[in-house]
Protein chains: 2
Amino acid sequence: MATKERTTIRDVAALAGVSVGTVSMVLNGSNKLNPETRQRVMDAVIKLDYRRNPHARSLSTKKSMTIGLIITDLTNPFFGIMVGCVQQEIDAKGYELLLGMTKNDIEREKKVIAKFIDSAVDGIIIVPAHYRNPNLSHIYALEQRNIPYVYLTTYYPGTRGCCAMTDLAQGSYELTNYLLNTGHKNIVMISGYVELVLSAERLRGFKRAHEEHGLEVRADQIVEAEPDYNGGREAFDQIIRRGKPDAIMTVNDIVSMGVLTRAREMGLRVPEDLSVAGYDDLLYSSMLETSLTTVRQPIKEMSAAAVDMIFKVAEGETIENKLMMFTPQLFIRSSTKKRL
Amino acid sequence: MATKERTTIRDVAALAGVSVGTVSMVLNGSNKLNPETRQRVMDAVIKLDYRRNPHARSLSTKKSMTIGLIITDLTNPFFGIMVGCVQQEIDAKGYELLLGMTKNDIEREKKVIAKFIDSAVDGIIIVPAHYRNPNLSHIYALEQRNIPYVYLTTYYPGTRGCCAMTDLAQGSYELTNYLLNTGHKNIVMISGYVELVLSAERLRGFKRAHEEHGLEVRADQIVEAEPDYNGGREAFDQIIRRGKPDAIMTVNDIVSMGVLTRAREMGLRVPEDLSVAGYDDLLYSSMLETSLTTVRQPIKEMSAAAVDMIFKVAEGETIENKLMMFTPQLFIRSSTKKRL
DNA sequence: TAATTTTATTGAATCGGTTCAATAAAATTG
DNA sequence: CAATTTTATTGAACCGATTCAATAAAATTA
């Protein structure tokens, strides 16, 4: 089977009776062209069902009409939805999405960024890995090479990237406040690594609420964990070994699910024996065996903002405020209850 | 800031004191090379931190070291996990993953495939859109152009692609059997569009189980719906309007969640008033307010098989059996119960 | 109408790789 | 040792676009 060769710009030029340069200008929307010529070219394009070769284009222009998105973990539907939102926005701009997954491993993050650079992406949206003491040479490399990038959900301090994120401190503050107001005396927070912005912010809200109630946060009220299902289970075991608190707040709903199942396995009832609260408000959170009190992050808005930002940065616009904060929303459900 | 130019193969050639052809051969692992020369080249590569330009490579070779994956809907974590699995397998082969999302729209599917063709992907893994009477010109285009592709989860009949999937009929059969054996007299199935393989297979198992119990399946026992949360809610309303059955089986767990919430909103209790069963066994399914009886699909194995297949097809190997069936597994939880 | 300016189009050079026929050098053979 | 074969390396052509200096044609001006 003689596989038909791809039609190229030269085929179009030949059919339209013009030079390849002219065809290229038509395709790039140049305005200094005889409308009649333009039409002839367009006719030829349609007749031949011609489409430009993106690799040839990228090679020549050093652009790729592509935005890279780096996420951590697609088993958490929070990020699945996020990918969908980002995809849609990027699509609308006529760009392509290139996806990279880090599984919260900084080495993978480095590799993904290297690939993205090789592929000449026009910008990168980064959901930073949950990783202790990350070496940030890859981020600095982006800055040195002037490759546009922005953060989504959280950021690496000491770098220049803008960030679209939820006001995590505010969310934690409201949730903690609610728990304290409903009579909880001993709240433990399952946190990400405390030195990360993501956790530090949440802790800030947690502490502020305690302070306003005249309380001080003890070291054993903070437990670090991986932000996934097993992280939740393990952290719960660790907490219970020290003695049961009356409430547990977690870094996201998936961690809460780990806590809920482990609690059930151990014969503890939620919310009767202890309250549990999450973060993110996944669709499923309201349907859990004990529907989850949680803080919703506006995924769609955040994602759209990040896409917006990356295009602005790519066009050299200066962003007025580096941090774009979105307001979280508290949902009180049945995994928490008033205590005397 | 004079942005440093990319180092090219010519820079490497110059530093190593050889021709560009030689460098290219070293990089492509040619075996007819003086080891000493090879070493000199490798040293230069490392010293310059040289990496090949994938666009230039693709332009020249008409390959891209890339596999395209087309999925329908990332808000369902089933597919999020699937993307993760496929990514990992493709990674292991040294290839890149290009992701496309269709949102179950056949037009999007066509566009994604066109993009993939333009990008010269070396193969495509397709999760077919849930779409009625799809026009399959894009699939035929793949076949005519000899572009390797395989299906994952289900397939379009009348096309040549292999498919890695769960034995959906078997899963439905076991589940239906269980429901009939536990005294359910009137089971309604919320199905995808019945003319699609995905649904037809499930129906086959559903009917077979009924037959073996000496029962015939009535038309009103089948309700078509979109395979998402709202699809489940709407289908439930429709079912209830006709009269409450004693069990509802759905096309996936997300649809079941729609059913569960809608049932709760209407004051119906599961499993007391009716049983509900899903398909997929999402992590969260076991934690729902009423933990879900469901059929697990082995995502990881299926995904790995699809990746395996696509590379075999790309290498021109003939696949012995077009359908690679994986065995589903029934999980009985608390959303179903024995009836008298 | 000739000189000048403006507009439309051309086509060669370029991007950064790969490939392969040609060649040079080394090894083998008679 | 000359003739032949084998092995290692070269470098020009090519992939399919873009870009821009050069040119031709048309429009304007004097």
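Residue pairs satisfying the side-chain hydrogen bond (donor to acceptor under 3.5 Å, both in side chains) criterion with at least one member in residues 64-85 of chain A, sequence neighbours excluded, are listed as follows: A/Asp73-A/Thr75.
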Kindly list each side-chain donor-acceptor pair under 3.5 angstrom involving residues 15-24 of chain A, sequence neighbours excluded, with atom names and distances?
unit_1, atom_1, unit_2, atom_2, d
A/Ser19, OG, A/Gly21, N, 3.4
A/Ser19, OG, A/Thr22, N, 3.3
A/Ser19, OG, A/Thr22, OG1, 3.1
A/Ser24, OG, A/Asn28, ND2, 3.4

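Evaluation of the ring pair (Phe, Tyr, Trp, His ring centres under 6.0 Å) rule for B/Phe78 yields no partner, not counting sequence neighbours. Residues passing the side chain to side chain contact (heavy atoms under 4.5 Å, CB included) test with B/Thr159, sequence neighbours excluded: B/Leu136, B/Ile139, B/Tyr140, B/Glu143, B/Tyr149, B/Tyr151, B/Tyr156. Here B/Tyr50 pairs with nothing under the ring pair (Phe, Tyr, Trp, His ring centres under 6.0 Å) rule; sequence neighbours left out.
Straight-line distance from the CD atom of B/Glu36 to the P atom of C/dA25: 16 Å, rounded to whole Å.
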What does the B/S/- profile of nucleotides 8-21 of chain D look like, 5' to 3', with a 4.0 Å heavy-atom cutoff to protein? SSBB---BBBBB--
